[in-house]
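Hydrogens, waters and symmetry mates are skipped; everything else that's a heavy atom, side chains included, is used.
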Amino acid sequence: MSEKMRKKNRLSKKIGKTAVYVVLIIGTVVMLLPFVWMLITSFQFPNESNSFPPVWFSKNFLFHRYIAHSIDKSTINVIDFQSMSLQEWLSFNSGHKKHKDTLNLVLDDYVRTRGIMTITFNNPTYLSDKYALLITDNLKKYDKPLDPAIASNISKILTLENLQDVVSQLFGTFEISDKAIFLKGNFYKHLRSYLKTEVSNLNKIEQKHYDRFLTVSSDDSESLKVLKLKARNILYSQIAKITKNASDLMYITSDMKNSSRLLKADELNKFRALMLSCTPSISSSDLLAFKSNRKIYFPIRKMIEYTQPIEDLSNTIDFYLQFRKAYFAYKTATLKSKVVKFRFFTRKEMENYALKQIDKLLPPQTIEELKKYRLEDYPKQLLLEGFKPDLVNEVSYIIADARTQVHVITKPPEVESIRFKSVGNTDTVVISFYKINPVNFYFDKTAMEVNYNFIEVVKNVFQNYVDAWNSAPFGIYFMNSVLVAGASTIVEVIFAILAAFAFAKLQFAGKEILFSLLLMTMMIPGEVLLVPNYISLTKLGWIDTYYALITPWLVSVFTIFLMRQFFMSIPQELFEAAKIDGCTPTRFLWQILVPLSKPVIVTAALLKFVGSWNSFLWVLIVTKSPKMRTLPVGLQNFQSEAGTDYNLLMAASAISIIPVLIIFFFAQKQFIRGIAKTGIK
Amino acid sequence: MKKPYIKSTKTKLQGDNKTAWLYLFPSLVVISAFVIWPVFYSFILSFYNWDFKNLTRPEFIGFQNYAKILFTFDTDRLPNYSLTSALVSSFSYFLFALFFLRFIDIFKEVVGRKSNFVYFMLSILSIISFIAFLAFNTKIFLIYFPILAITNLYIQLHRKEKKFSFVGRLILFFIFYIAISKLAPVQKNLFNYFITLKDASVFYKGLYNTVYYAIFSVPITIIISVGVAILLNSDIKFKSFFRTAYFIPYVTSMVAVSLVWQWLLNDNYGLINYFLQLMGLHPVRWLSDEKYTIPAIIMVSVWKSIGYDTIIFLAGLQNIDKTYYEAAEIDGANAWQKFINITWPLLSPTTYFIMIVSLIGAFKVFSQIFILFNGTPGPYNNSGMTIVYFVFQQFYTYQKMGYASAGAYILFAIIMVFTIIEVWYSKKRVHYD
C-alpha cells in the first residue's frame, strides 16, 4: 500500500516538474519572442517583412539564389506612327539612337548590390538582318487588306530602314505592347465591336434594301424575276447564317474579356475559321450574275462591304501567323555565348570610377574640397560654390552613370555593355546589344542568379543595420548616449559615496532630519519637476547642451540610500580604529570603505548607467538639435523618418538595445542583486 | 537600523560636523536645485498663467488653472443630469447597500430574539423607504436619508459579531450597490457620471485611461510575476537562464521595445494578429481602433515589467523560512494550501512594496503611448490620453507652464492619495514577521 502510494507520489511529482518546465519555457518564449522577431525583421528585405503570413527567414542568409525577373516591355513597345508628324517619322527612321537595343531585365525581388550576378540565356537566337530583309520583303507582298485599325501603321512599319525595328514594331503591334491586338482582352474588344456593327448593319439591309431592290414586280422580265428571287434567297440565308454565327462567336469569346494572355496560333486559326463563317459565301458565278444588275447587286455589295472588317481582321490573323512562323523559322543566328556574368562595383570602386571621370572636368583643389562630402552630394556642393549649371549637370550625369557601372566578367561578344540601374525600389539589369533588337530575347527564358561569398553574406545580413546607421546620425546619438550615461554615472556614484558616507559614518547635527527629508523627495513624481527644471535650464541657457542632459540627474536619493545601508553594515569599529591610527575620514572612505563596498558601487553604477541610457522624456524635452540627441530620442525621431520600413526600424532598435544587453550579460549578478535589494526594506 | 553603539560614541565624534557637510554639499546642491526648489516653484507656478511660447509675463490667476483642468467641460458632451443629483443618488444607493449588508449581518439576531423593537421598526422603515425610493424618484431623499442613517448607525452600535470577513463584506456591498443602482428608476450614478465625463474633458479622459490602465496592468503583472517567481524558486535546472529571459525586457529601452511592439501589433503584418489567426480568432486592429488602445499599452507594460517584479518576488520568497513549509508538509498540506496559508501572507510585504511602486509607475505611463502611436495620444479621440501625457502635451506642445504645473500637481495629489490608502490598508493586512 505505502509502496504504491510512494510510486504514485513520485509520478505526480515528476508530472508536476515537467509542467513547471513547460510553463517556464512557454513564458520564456513569450518574453523573448519580441526580441527574436526584432532580429529576424532587422535582417529581412522589405518584401519579406511586409508579408503575411510572416516569414521567419531572410534571403540575405543565402549564398546563392535565383532572382525572379521580367523583361521590361517598354523598350519593345510599339510606336504609334499614325500620330507622328513627318518630321518625327524622318528622325525616327534616320537610324540608331543611343542605347536603343537594350534588353531591360526588371528584378521582381530585392537584391544586395554585391557579389556576382549571372544571367543565363536558354536559347539566345535572333533574327539576322539578312533574314529580316527576306521576311520584310515577303510581308510587303501581302496583298489582302488588313484590319483598318492597324493597317496604315503596319505599312509604315514595313518601310522602316532598320529591319530589326520592323520585327520589334510588328511584335509590339501584335503581341507585346499593352494595346497589342492578339492579347485575349484586346482581341475580344476588337472582334466584338466588329461583330456588333456587322450584325446591326446587316439588319439594316434587311430593313432598308430588301424590299426596295429585290421586290419582284409584275413588270419584271422572267429572268430578272428568277435572279431577284435567287438574290433574295441568298441574301436571306447568308444574313441568317452570319447573324447566328456571329452570336455564336460572341458567346465563345465572352470568357476572354479580362484576360491579357496572348492568343496561340491554333486558337487564332480556330477563330479565323469562325470569323470566315461570319462573312458571306457566294459562288463566283452567282456573284457575276448579280453584278450584271446594279439594283440587285446593291444590297449584295452592301453585305460584302459590311462584313469586310471581319474579313480584314481574319486577314490580319493570317498576316500575323505568317510573319510569326517565318520569324521563328528564320531566327537561327545565336549569341556566341549564353552567359552574362558580372560583379557589382563596391562603393569605393564606384567612387573611384566617378572621380576619374570628374577629374577631367574640375580643377584639382575643388575635387579635394568635394572629397569631404558624399559622392551623391557633389552636384549640390558644386552649385553652392557657384559652378555653371551645365557643368554641374555633367557631373551629376557622370555620378548617375557611375552608379550603374559593374565589372563584366564574361559576356557574349554581341553584348556591348551591361549596367545595373536602381531607381527607387526597382532594380534593372540593362544589357545593351550591338544591333540586335531585344525583342529577339523576349521569347527566351533567362535565369538570373547571384552568388555571394561568406563575407558578402555577412554584409548582406547586416546591410539593414548599415543603412539605418547611415540614414540618421546614429553615430552621434550613440556617442551622446555613451557620454551622457557615462558621465552621469561616474559623477552620481562619487556624489552618492560621499553623501552615504556622511550619513552612515559621520555624526552631525540634523542628520536624521536631513536623511528623512531626502527620503521624502523620493515620493515626488518626476513629472512635477519637469516644468520648473525646464524653465530654470532655459534661464541658464542650458537647453540643448550636455549640461541639461547630465546635471539634473547627478544625484539619486535611492543610490545614497542603497550605499548608506551597505556602509552601515561595515562595523563602526573599523572607522574608529582607523581614526585612532591617524587616518582622516577622507582617506578611510577612499582607501578602506570604497574597496570594501565594491559590489554595491558596481550595482549602483550599473542601474544608473542603464537608467540613463534608456531615459527618454527628459532628453526629448531638453534637446532640440540632432547633435544633442541620445539613442532613444534619436530612435523616436528615426521612427517618423523611416515610417513603415520596419526592417530598418528594427535594425535601429537593435542598435540601441544591444549595448545594454551586452552590459547586462556581463554583469547579470550585480544587476539582479541590485534590483532585488530595492524590494527589501 | 539604529545601532546602540552610535549613541555611546557620539561624544567622541563632535568634530565630524564640518567634514559631513562638506561631503553632503554636492548632493545637497543638486537636490536643492533640481528637486526641492522646483517642487515649490512648480507649486507657485500652478497659480500663474504663463504662456511660454508667446513670451508673455506670468500672471497670477489663483486657482483658475486647477478649476480649468477639473471643472471645464465640453458642455455638449456632459451627462444629462447634474453632479449633485448623481451624488445624491449614489449616496442613497450607498446607504441602501450598507443597510442591506447590515441587515444580513444582524438578521439572525433580529429573528432570534424578536425582542428588539427598535431594530424592527427601523428595518421596516428602511425597507418602506427603499420601496418608496424605487416607486417615486430621488427627490424625497430628505425623508429616507435620516431613516437610513439612523438605522445604519443603530445597527453599527448594537451589532454583536461580524458574520463576514472584510473581503466578503466588500463583495456583498458591491453586489447590493450594483443591484440597487440597476433597480433605480433613473440611472444616475456617480460612477456613470465620471465615465461619461471622460468624453467632455481631455483631463478626465486621461484620468479614466490612467485608472483603466492601472487597475489592469498592476494586478496582471503581479499575478504573473508571483507565479513565475514561485516556479523559479522551486528546485529546477537552468534557473539563471530563465531568470535572465524574464528579466531582459526590463533593462531594454522603452522606446526601442515599444517600436518592436508597434511592429508586433501591426494591423497587416503583425505577429500577434498572425497568432490570433492561427488560433482561429479574428485579427484585431490593435493600434488603429480606439477600443484596443489601452489593452495594447497594458500588454506592452506587463511584458516589460514582469522581470522586475519577478526578481523582487524571488528575493521575497527566498526570505521565507523553509521550516514553515516543512511543518505544513508534515501536516499534509497540499501545494495550494501551502501557497494560500504560508507563501502569500509571508510575501505580503513584498507584494505591498510592488503594489506601491507599480501603482505609482502606472500613474506615470507615457513613453509607450508616445512611441506606439507615433507621438500622438492614441489613434483618434484621445484614446490613449493619460495624465502624464496631458501634462506633457500642455507643457511641451502648448508651453502653458502654469497649466501644466497644475496638472502635475493634480497627478501628485492622486498618487499621494493612493499611497496613503495603501499605507493605511497595509497596516491592517501586511504581515511582517
What heavy-atom pair brings [X] and [Y] nearest, and what distance separates the two atoms?
X       : Y       : value
A509(A) : W21(B)  : O-CZ2, 3.7 Å
M650(A) : L259(B) : CE-O, 3.5 Å
F52(A)  : G270(B) : CE1-O, 3.9 Å
V20(A)  : S234(B) : CG1-OG, 4.1 Å
S405(B) : V531(A) : OG-CG1, 3.6 Å
M523(A) : F412(B) : O-CE1, 3.9 Å

With chain B as the partner, which of [options] has the greatest number of non-hydrogen pairs under 4.5 Å?
options                           : value
S49(A), A654(A), S656(A), G510(A) : S49(A)
M38(A), R673(A), Q636(A)          : Q636(A)
T538(A), T551(A), L514(A), N50(A) : N50(A)
S51(A), S615(A), G611(A), S536(A) : S51(A)
V23(A), T521(A), L617(A)          : L617(A)

Which atoms of [X] come close to chain A, meaning under 4.5 Å heavy atom to heavy atom: side chain ones, backbone ones, both, or neither?
X       : answer
F313(B) : neither
I230(B) : neither
Y403(B) : neither
F40(B)  : neither
A33(B)  : backbone
T419(B) : side chain
F392(B) : side chain
Q318(B) : neither
I44(B)  : neither

Fill in: Working for side-chain contact (heavy atoms from CB on, under 4.5 Å), residues L45(B) and I535(A)
CA-CA 11 Å; L45(B) 260 183; I535(A) 292 172; 3.6 Å; yes
Region of [X] that comes under 4.5 Å of a non-hydrogen atom in chain B:
X       : value
V633(A) : neither
L518(A) : side chain
L620(A) : both
T28(A)  : both
Q668(A) : side chain
I657(A) : side chain

Discussion item. For residues 491-501 of chain A, give me every residue with a non-hydrogen atom less than 4.5 Å from any non-hydrogen atom of chain B.
Written reply: F495(A), L498(A), A499(A), F501(A)
Fill in: Test side-chain contact (heavy atoms from CB on, under 4.5 Å) applied to W613(A) and T252(B), step by step
CA-CA 9 Å; W613(A) 184 277; T252(B) 51; over 6 Å; no
Fill in: Best-contacting candidate, L22(B), I31(B), L271(B), L28(B), against chain A by heavy atom pairs under 4.5 angstrom
L271(B)
Item to complete: For chain A, find which of K237(B), M416(B), Q394(B), Q399(B) contributes the most heavy-atom pairs closer than 4.5 angstrom.
Response: K237(B)
With a 3.5 Å distance limit and no angle check, can you tell me whether [X] reaches the backbone of [Y] through a side-chain donor-acceptor pair?
X       : Y       : result
W303(B) : M31(A)  : yes
S42(B)  : V528(A) : yes
Q639(A) : I371(B) : yes
Y246(B) : L24(A)  : yes
Y23(B)  : T586(A) : yes
N614(A) : V251(B) : yes

May I ask you to test the [X]-[Y] pair for a side-chain heavy-atom distance under 4.5 Å?
X       : Y       : answer
P34(A)  : W261(B) : yes
F34(B)  : L529(A) : no
Y396(B) : L530(A) : no
I621(A) : F395(B) : yes
E527(A) : F366(B) : no
S253(B) : V660(A) : no

Does atom [atom1] of [X] have more than 12 heavy-atom neighbours from other groups under 6.0 Å away?
X       : atom1 : answer
K13(A)  : NZ    : no
M520(A) : CE    : no
F238(B) : CZ    : no
F25(B)  : CZ    : no
Y21(A)  : OH    : yes

Worksheet entry | Stepwise ring pair (Phe, Tyr, Trp, His ring centres under 6.0 Å) test for F247(B) and F664(A) | CA-CA 10 Å; F247(B) 191 67; F664(A) 173 67; 5.5 Å; yes
Response to the item:
Checking L631(A), V619(A), L635(A) against V255(B) for side-chain contact (heavy atoms from CB on, under 4.5 Å), the one that qualifies is L635(A)
Item to complete: Describe, in one word, how the ring planes of W263(B) and Y646(A) are oriented to each other, choosing from parallel (under 30°), tilted (30 to 60°) and perpendicular (over 60°).
Response: parallel
Response to the item:
So CZ of F508(A) and OG1 of T19(B): to nearest 0.5 Å the spacing works out to 10.5 Å
Worksheet, complete the sentence: One should read off an interatomic distance between L264(B) CG and L33(A) CG, to the nearest 0.5 angstrom, of 6.5 Å
Worksheet item: Passes side-chain contact (heavy atoms from CB on, under 4.5 Å), S27(B) versus I560(A)? Steps please.
Response: CA-CA 9 Å; S27(B) 295; I560(A) 296 175; 4.1 Å; yes
Worksheet item: Is there a ring pair (Phe, Tyr, Trp, His ring centres under 6.0 Å) between F616(A) and F370(B) once you walk through the steps?
Response: CA-CA 10 Å; F616(A) 173 64; F370(B) 192 79; 5.6 Å; yes
Discussion item. Test: salt bridge (charged side-chain N to carboxylate O under 4.0 Å, His left out). Region: residues 17-26 of chain A. Which pairs qualify, not counting sequence neighbours?
Written reply: K17(A)-D235(B)
